[in-house]
Every structure is written in C-alpha cells, then in structure tokens.
There are 2 protein chains.
Amino acid sequence: MKFSKKSEYALRALLELTAQYGRALLQRHEIAKRQHIPIEFLEQILLALKNAGLLASRRGVSGGYSLIKPPDEITLGQVIRILDGPLAPIGCVSKTAYQKCSDCPYVKKGSCPIQDVMGGVRNAIAEILDNYTLRDFAGQATRQ
Amino acid sequence: MKFSKKSEYALRALLELTAQYGRALLQRHEIAKRQHIPIEFLEQILLALKNAGLLASRRGVSGGYSLIKPPDEITLGQVIRILDGPLAPIGCVSKTAYQKCSDCPYVKKGSCPIQDVMGGVRNAIAEILDNYTLRDFAGQATRQ
DNA sequence: TCTATTCTAAACTGAATTACTCAACTATTA
DNA sequence: TAATAGTTGAGTAATTCAGTTTAGAATAGA
Ligand code: FES
Ligand code: FES
C-alpha cells in the first residue's frame, strides 16, 4: 500500500513548479538540485506529467518546464493517478479503472464484503487527494 | 496503491474461518475450494496468520485451522498489516513502521507538505480498517 | 505400529515492477 | 554553428508478486 518514488518526486517537483507559476521556466536540473531527485529519473516523471497535460516545456537555451494550468486546478489525486495508476486498493472499487474480480465468490451474489469495505477506503483516499490542489499543497511550503 | 493478492485471499479465508468460529476446524482445501484460492499459496497465507497469532491449527487426520480469538477482536487493519506491511502510503507517516525520509528537503524544516497530506491519508485508511472487525466483515456475508 | 491425512517450513521460479541510467536525437537560441 | 535543454527509447540491477515444489513432522485411526 505504498505510493511509488515516482509519485513522491512528482509531487516535490510540482511544488517547485507551483512556486514558480507565472514566472520564468524552470529547468530540470534546478528542480533536481532543489529537491534531491536523480535528474534522469526526474526527466521521465516530467515527461509523464507533460504527456498528461499538466506541464508545458520549451527546449533550447533558456528552456524548461512550467505548469500549464493554474495550481488550484490540479489536484494531488490527478498527479498520483498519472504516475501510480488508480487510487483504489483493489480493482473492483476503482472508479477511474474498474476491473471486475474474476475469482471472488461474492461477485455473483451481488454483494461482496471486501468490495464494500475497500470501496469505503478508496472513497476516503479520493476524498482527500481529489480535493487537495497544488495551491493548497504549495501554500504550506511557500507561505510568504 | 494496491493491496496484494495475499491480503485479499487472507480476508476471504478469514471470512470462512469467522463463519466457522466456535465450531469444528476448517481445512485448507475446504477454504481453497470455497474461495477459489490456489491451495499452496493459501497455505503460506494461513501460516503467516498463524505465526502472527490469529489462528490455531492442528495437523493430522481431522486437523485444520481455527480462529484463536473472537472475530470481534480482530480488525482488518491487523490482517492487512500482517500480509502487506504498514498501511501508510509513505514511510514517514507510518505509525507502526515509521521511517524518516532521507532525501526530502522539507524534513529539516520541521514541516513537510507531503507528510502532512499523506498523514491525513494514512489516518483515513487506518480509521476505517482499524475499526472494522472480522465480525462486522463477516456479518455482511453470513447474515442468517 | 503402520499409514493416510493434514499442517509446517523453506527453497525455488517466472514474470512484473521499481528506481534508475545511458545514449542518441531534436529543437532553440545566441 | 555551437552550446543548451528537452525527447525518446532502451537497458539494467534489485526487489516484489504470485505462485509451485519439495521434504518433513504431527496426528488419528486401523
Ligand atoms: S468483488 Fe471484488 S473482492 Fe469481491
Ligand atoms: S518528510 Fe517524508 S516526504 Fe517530506
């Protein structure tokens, strides 16, 4: 039940990009240095965030990355789903990537105790992460 | 952010053992058959639960497993921690297996936004799973 | 006691995932 | 056109996952 390093690094990188929002581009090496993230690894994370539509980038001499949307329109839930997949602790309770249980004997009876409990767990997690934006998140770190 | 098959099978096996609580021993092949769990895999799960003090067993001709404690004294949180380790989504917010973050730049400043949010997530999960007992759990399945 | 039954313990395996690293490439700008 | 910076894809060592195999030890009943 852990989030991957990818998710953690993504959140830390986005903390820097949020602080920089509206200003100049931020380069990967700068993020890597400030957050102690291995630069090549950070790169694939930034790429994933870019491909998911959260970041823009520019190459060449004063290139770098920037947030493409305002920080209060990006939730931690979105970010974590990009890097780690669904938040649900079991496939049959995922709302974004539902998968029915093939071997669960309760699945046929219409009600499964595991599904019930885990549904509650998934909602509790999503409730927090889908309502927490990068602005809330960075607000704690970069309060002026 | 998924629970392993081990945890899922453990919960399903315990559902059977809870229904059987106070009666005769239940054999692994019976559990395996009723819950569609590969028997050899189930075995290591039952062993782990036994070593963790949740089950008793007897070998030989009418041997089998049984719950060693009443179902309302075993929580889903306990079970999942045995098979999957801590519930916390990141080491630095685990109460049962805390590990400090070595590379987080906020760890020195006394307050880390990731730790704050993830602490909330871990509490939300634990709040559900540590207050949900096998009796509650099985009650949904074996209501007479 | 012999034997079938059932749990115990540990090692083993193939596939997948994690956390990175490397190398070659393309775009930008001074 | 040289230096800078992002892009893409492949590679890799270590670990985890989901299970299988094998050999053994306890128990009950004949
Ligand atoms: S239906 Fe998914 S665990 Fe029962
Ligand atoms: S202290 Fe653990 S993530 Fe910052």
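By convention in this document, chain letters (A, B, ...) are assigned in the order of the sequence lines, proteins followed by strands, and residues within each chain are numbered from 1. Just so it is clear, the model here is predicted, and its values are computed rather than measured.
Here dT6(C) presents its C1' atom at 13 Å from CG of Leu42(B), a figure rounded to the nearest Å. When rounded to the nearest whole Å, the span between NZ of Lys6(B) and P of dT20(D) equals 13 Å. Rounded to whole Å, atom C1' of dT18(C) lies 7 Å from atom CZ of Phe41(A). One can place NZ of Lys2(A) at 13 Å from C1' of dT18(C), the figure rounded to the nearest angstrom. Here the P atom of nucleotide dT18(C) and the CD1 atom of Ile45(A) are 12 Å apart, to the nearest Å. Atom CG in Leu55(B) sits about 12 Å away from atom C1' in dC7(C), given to the nearest Å. Distance, Leu46(A) CG to dG6(D) P: 9 Å, rounded to whole Å. Atoms CD1 (Ile39(B)) and P (dT20(D)) sit 11 Å apart, rounded to a whole Å.
Between the side chain of Arg59(A) and the base of dT26(C), at least one donor-acceptor pair of N or O atoms lies under 3.5 Å. Between the base of dT21(C) and the side chain of Gln44(A) there is a donor-acceptor pair shorter than 3.5 Å.
Heavy atoms only, all atoms of each residue included: Cys92(B) and Gln115(B) are closest at O-NE2, 3.1 Å. Leu25(B) approaches Ser62(B) most closely through the heavy-atom pair CD1-O, 4.0 Å.
Summary of the strand contacts: Gln27(A) and Glu40(B) both lie near DNA chain D, and taking for each the nucleotide with the nearest heavy atom, the more 5' one is attributed to Gln27(A). Toward the 5' end of DNA chain C, the nearer of the two residues Asp103(B) and Gly60(B), judged by each one's closest nucleotide, is Gly60(B).
Closest to the side chain of Ser4(A), out of dA19(C), dT20(D), dC7(C), is dA19(C). Across dT29(C), dT21(C), dA5(D), the shortest atom-to-atom separation from the side chain of Pro38(A) is found for dT21(C). Among the nucleotides dC20(C), dA5(D), dA9(C), the one closest to any side-chain atom of Lys5(A) is dC20(C).
Remark: Tyr9(A) is not in phosphate contact with dT18(C), judged by side-chain N or O atoms under 4.0 Å from OP1 or OP2. OP1 or OP2 of dT8(C) sits under 4.0 Å from a side-chain N or O of Lys50(B). Arg58(A) has no side-chain polar atom (N or O) that falls below the 4.0 Å cut-off from OP1 or OP2 of dT4(D). Residue Ser62(B) places no side-chain N or O under 4.0 Å from the OP1 or OP2 atom of dT6(C).
To the nearest 0.5 Å, the span separating CD1 on Ile90(B) from CD on Glu8(A) amounts to 4.0 Å. Within the model, atoms CG of Leu54(A) and CD1 of Ile82(A) stand 4.0 Å from one another, a figure rounded to the nearest 0.5 Å.
A side chain to side chain contact (heavy atoms under 4.5 Å, CB included) with Phe137(B) is found for one member of Leu14(B), Ile74(B), Leu76(B) and no other, namely Leu76(B).
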